Number of protein chains: 4
Amino acid sequence: MHAEQPVRSGRAKRLPRAVRERQIMDAAVDVFSRLGFHAASMDEISEVAGISKPMLYAYLGSKEELFATCIRREATRMMEAIATGVEAEEPPDVQLWSGLRAFFGFVGENRASWQVLHRQASSQGGPFAEELADMRGRAIGLVAALLVHSSDFATVPRAGDKEAESLAAALVGAGESLADWWLDNPQEPAGVVAARLMNLVWMGFGDLVAGDVWHPPSRRSDPEGDA
Amino acid sequence: MHAEQPVRSGRAKRLPRAVRERQIMDAAVDVFSRLGFHAASMDEISEVAGISKPMLYAYLGSKEELFATCIRREATRMMEAIATGVEAEEPPDVQLWSGLRAFFGFVGENRASWQVLHRQASSQGGPFAEELADMRGRAIGLVAALLVHSSDFATVPRAGDKEAESLAAALVGAGESLADWWLDNPQEPAGVVAARLMNLVWMGFGDLVAGDVWHPPSRRSDPEGDA
Amino acid sequence: MHAEQPVRSGRAKRLPRAVRERQIMDAAVDVFSRLGFHAASMDEISEVAGISKPMLYAYLGSKEELFATCIRREATRMMEAIATGVEAEEPPDVQLWSGLRAFFGFVGENRASWQVLHRQASSQGGPFAEELADMRGRAIGLVAALLVHSSDFATVPRAGDKEAESLAAALVGAGESLADWWLDNPQEPAGVVAARLMNLVWMGFGDLVAGDVWHPPSRRSDPEGDA
Amino acid sequence: MHAEQPVRSGRAKRLPRAVRERQIMDAAVDVFSRLGFHAASMDEISEVAGISKPMLYAYLGSKEELFATCIRREATRMMEAIATGVEAEEPPDVQLWSGLRAFFGFVGENRASWQVLHRQASSQGGPFAEELADMRGRAIGLVAALLVHSSDFATVPRAGDKEAESLAAALVGAGESLADWWLDNPQEPAGVVAARLMNLVWMGFGDLVAGDVWHPPSRRSDPEGDA
DNA sequence: TATGAATGAGGGTTCATTCAT
DNA sequence: GATGAATGAACCCTCATTCAT
């Protein structure tokens with residue numbers, strides 16, 4: 001999580017452009033994530049950023065541009081965080097597991113980013129709704145590819161892309177929703193929550209009830225605990 | 001889906017309060033679902049409703065109140081639609097299955113309601129965000145109860161409410177996300193989509209890959225097909 | 001000249017739309033004529049009109065629309081004033097004379113109208129610059145037609161449209177400039193100034209110096225004196 | 001027409017003040033003539049001038065001062081161009097003719113200068129309107145003096161200064177308007193247009209129709225043709 | 001009751017102008 | 001001397017909300 005400047009007073013110190021830009025983006029993500037696109041005002045963003053409004057416009061353009069830039073930056077950060085955690089050579093279930101862990105890890109450490117991405121994006125109407133729907137769509141596509149791949153040798157394959165895509169959509173939604181729930185119930189570590197979702201989607205509730213549980217391949221150097 | 005009055009012209013006829021109110025709420029749901037809370041204007045709502053703005057205020061209060069009322073009404077409608085489809089005496093998996101079917105059925109037939117509930121609600125920081133979070137929370141609670149109940153006799157029970165709640169949250173999110181996906185890919189009937197989700201959460205992807213599929217208890221008079 | 005409301009204070013009285021619209025337009029013409037398009041602010045216009053800004057927008061649209069409407073209204077008024085004074089059956093010189101008299105008469109009685117039309121219009125750039133150039137072009141065209149017609153039987157006809165048009169442009173410019181001069185030197189009645197221009201363009205300075213003067217056909221009921 | 005620096009990049013070289021000032025003024029005239037006073041921005045001017053904004057202010061003061069300076073410089077240039085073309089010993093009609101030719105010549109070769117002077121000046125209510133009115137007034141005075149002088153021995157002299165001044169105003173306006181027309185219809189050489197105006201004001205349209213035309217005293221080395 | 005007319009308040013954006021390096 | 005960085009002050013426009021008929 002990026003730290004924000006305390007509310008400014010007096011003339012802002014001169015800073016190189018790149019630094020200011022990051023500062024502003026951080027403030028914007030913060031405000032957008034708290035209030036949503038419409039309710040957020042450029043006034044408030046500039047105040048949180050510790051600069052005057054004209055700087056906002058000079059550096060990041062219009063409100064819409066600023067928002068789109070935020071979305072893109074945070075989405076990229078999240079995608080990269082997840083991609084970094086997944087290794088293509090692993091078997092599908094392990095890939096899924098790594099992805100989930102990385103996802104929850106990112107959400108836990110970047111609440112604001114997550115909220116901008118998840119909460120504000122749906123506010124359909126703006127031109128970025130599209131942009132965000134695209135990103136979500138791409139994420140779903142990736143998961144779908146994973147699922148398809150994992151079932152290449154199995155009985156379901158004939159289901160076709162649409163089936164995989166719909167399951168991926170469900171899975172992504174489950175992840176999002178669980179992430180939100182987790183933010184409101186943060187008692188448990190990321191790994192536990194991730195494992196729970198992994199179990200649900202991989203084993204199914206039926207198996208869970210029957211006592212069958214999915215276990216991650218035991219690895220030693222595992223910083224986070226998992227149930 | 002509720003029908004809207006064509007754009008009004010001239011003085012509106014005197015109508016019993018209840019009818020007027022329904023008329024206005026229908027218009028409001030329509031506009032809110034299309035534009036979102038902020039972008040929707042009282043002007044447009046009153047126009048679609050076929051009455052003047054002062055009437056809007058006289059009947060439904062402020063914009064926030066109106067929105068909250070919409071949310072409540074649509075949420076109630078949905079809850080009832082689902083509750084109607086579920087019979088408490090059935091075993092848990094059947095209850096879940098019935099609930100899912102009812103949910104997708106409702107969404108398919110009430111796009112506007114669904115969009116108000118799902119899309120607009122989360123994006124606002126206002127006082128209704130709370131209201132909606134509450135409703136969603138209650139829904140999650142119900143599902144959690146179902147899950148808990150279904151596992152009363154099983155190995156997992158000790159997990160406690162939190163585990164069930166988190167799984168319920170994931171399940172609800174999966175349903176929401178899949179519903180959205182379905183609205184964008186409406187080729188398949190509600191029942192098929194519902195069944196797919198049922199399979200995912202009950203059997204798990206692992207079993208699906210292995211060819212194990214969950215089947216609804218065969219009933220005769222079943223209007224919709226299921227996979 | 002239309003009278004303006006004194007600066008408003010408190011809520012404006014309810015007025016029928018048509019009346020308010022005229023009131024606003026009068027104020028707008030006043031302010032635009034004094035400050036020009038850019039320097040005029042909607043705030044000031046609304047203040048002069050005795051209403052709040054939202055009414056401005058409700059009735060007359062954006063600033064540009066308002067300005068264009070002003071231009072059109074005043075141009076129409078002036079054109080009509082002139083057209084009314086000219087009779088098509090008269091010989092060309094008499095038509096020109098009548099036109100000049102009507103023009104100066106209008107300018108004398110509608111300073112603000114004139115200034116909006118003349119001063120502000122040239123402020124090139126806006127989309128109305130075009131509009132106004134058109135109107136001026138049409139006026140020049142009319143004068144050119146008059147000149148062409150007046151020379152049908154003479155030696156110059158071969159000169160072609162361009163020559164007539166250029167002379168008409170010169171004549172129109174002379175009229176505008178003289179009108180401005182007159183507003184700064186208002187000692188003499190409209191008729192005198194008009195006659196002077198008539199003499200200049202019809203007799204030429206050479207003849208004037210030689211003592212030859214153009215005389216209007218003597219009519220009795222002539223409200224304004226002419227030299 | 002003054003040439004502008006290509007868009008600058010990097011630090012501007014140190015230059016003697018006079019050169020810098022000319023550079024800036026050229027840019028300012030260019031921008032003002034294209035956009036008008038209000039629409040022109042100091043940003044654009046400094047960019048065209050190839051220097052930074054603080055330099056702009058250091059050298060030429062505020063926007064208003066800069067504009068006034070532009071007006072003064074261009075007006076002076078034009079006045080001098082005209083004065084150079086007129087010889088005081090010639091008879092009045094020849095002086096007028098020379099002046100007109102010089103004027104049209106200047107306009108043809110200095111479109112930007114002309115547009116700043118003519119179009120932008122009148123439309124502003126600011127303090128330079130005054131300045132420009134002054135200059136125009138002086139020009140009118142000069143023409144008036146010429147007219148008065150040309151009629152010293154004639155029948156009209158008693159008319160007094162006001163009559164001459166008003167005629168001069170008309171003449172100046174005719175010239176301005178014709179110059180504008182010419183810029184939009186540039187097929188004919190400056191001399192032809194000038195001659196046409198000369199004929200109009202000296203012979204009058206009445207004589208023109210009758211076939212009487214004013215002829216310039218034949219001179220040999222005349223670069224531009226005249227009708 | 002029902003409404004056309006009216007407004008306070010605030011949001012996005014830009015611009016002339018000036019520090020501080 | 002020269003500049004990138006910074007801002008106060010306006011301006012256009014819209015919207016939720018309310019009078020007064």
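Treat the numbers as computed from the prediction; the structure is a model and nothing was measured. Naming convention: chains lettered A, B, ... in sequence-line order (proteins, then strands); numbering from 1 in each chain.
- Here F/dA20 sits opposite E/dT3 as a Watson-Crick or G-U wobble pair (both hydrogen-bonding atom distances under 3.5 Å).
- Following rounding to the nearest Å, B/Arg20 (CZ) and E/dT1 (C1') show an atom-to-atom distance of 10 Å.
- For F/dT18, the base has no donor-acceptor partner in the side chain of B/Lys53 [N/O atoms by modelled type, under 3.5 angstrom].
- D/Phe37 places its CZ atom 8 Å from the P atom of E/dA16, with the value rounded to the nearest Å.
- Remark: C/Arg111 does not engage C/Asp30 in a salt bridge, criterion side-chain N to carboxylate O under 4.0 Å.
- The distance from atom CG of D/Leu56 to atom C1' of E/dT18 is 13 Å, rounded to the nearest whole Å.
- Closest contact between the side chain of C/Arg11 and the listed nucleotides F/dC19, E/dT3, F/dA10 involves F/dC19.
- Put simply, CG on D/Leu60 is 12 Å from P on E/dT17, counting in whole angstrom units.
- Ring-plane geometry between D/Phe32 and D/Phe37 is classed as parallel, the angle between the planes falling under 30 degrees on a 0 to 90 degree scale with a further cut at 60.
- Between A/Tyr57 and E/dT14, a side-chain N or O to OP1/OP2 separation shorter than 4.0 Å is absent.
- Where C/Pro54 and A/Met55 each meet DNA chain F at their nearest nucleotide, the meeting point lying more 5' is that of A/Met55.
- Mapping C/Gly61 and D/Tyr59 onto DNA chain F via the closest heavy atom, the residue that lands nearer the 5' end is D/Tyr59.
- In this structure, C/Met42 places its CE atom 20 Å from P of E/dA9, rounding to the nearest Å.
- Of the candidates E/dG12, E/dT3, F/dT3, E/dG12 carries the atom nearest the A/Lys63 side chain, counting heavy atoms from C-beta on.
- Atom pair D/Glu21:CD and F/dG1:C1' shows a separation of 14 Å (rounding to whole Å applied).
- When the P atom of E/dT14 is taken as reference, atom CG of A/Asp43 falls 15 Å away, rounded to whole Å.
- Toward the 5′ end of DNA chain E lies the nearest nucleotide of C/Pro16, the other residue of the pair C/Pro16 and D/Ser41 mapping further downstream.
- Among the heavy atoms of the strands lying under 4.0 Å from B/Ala40 are primed sugar atoms or P, OP1, OP2 only; no base atom is included.
- Side-chain proximity of A/Arg14 to the nucleotides F/dT3, F/dC11, F/dA16 is greatest for F/dT3.
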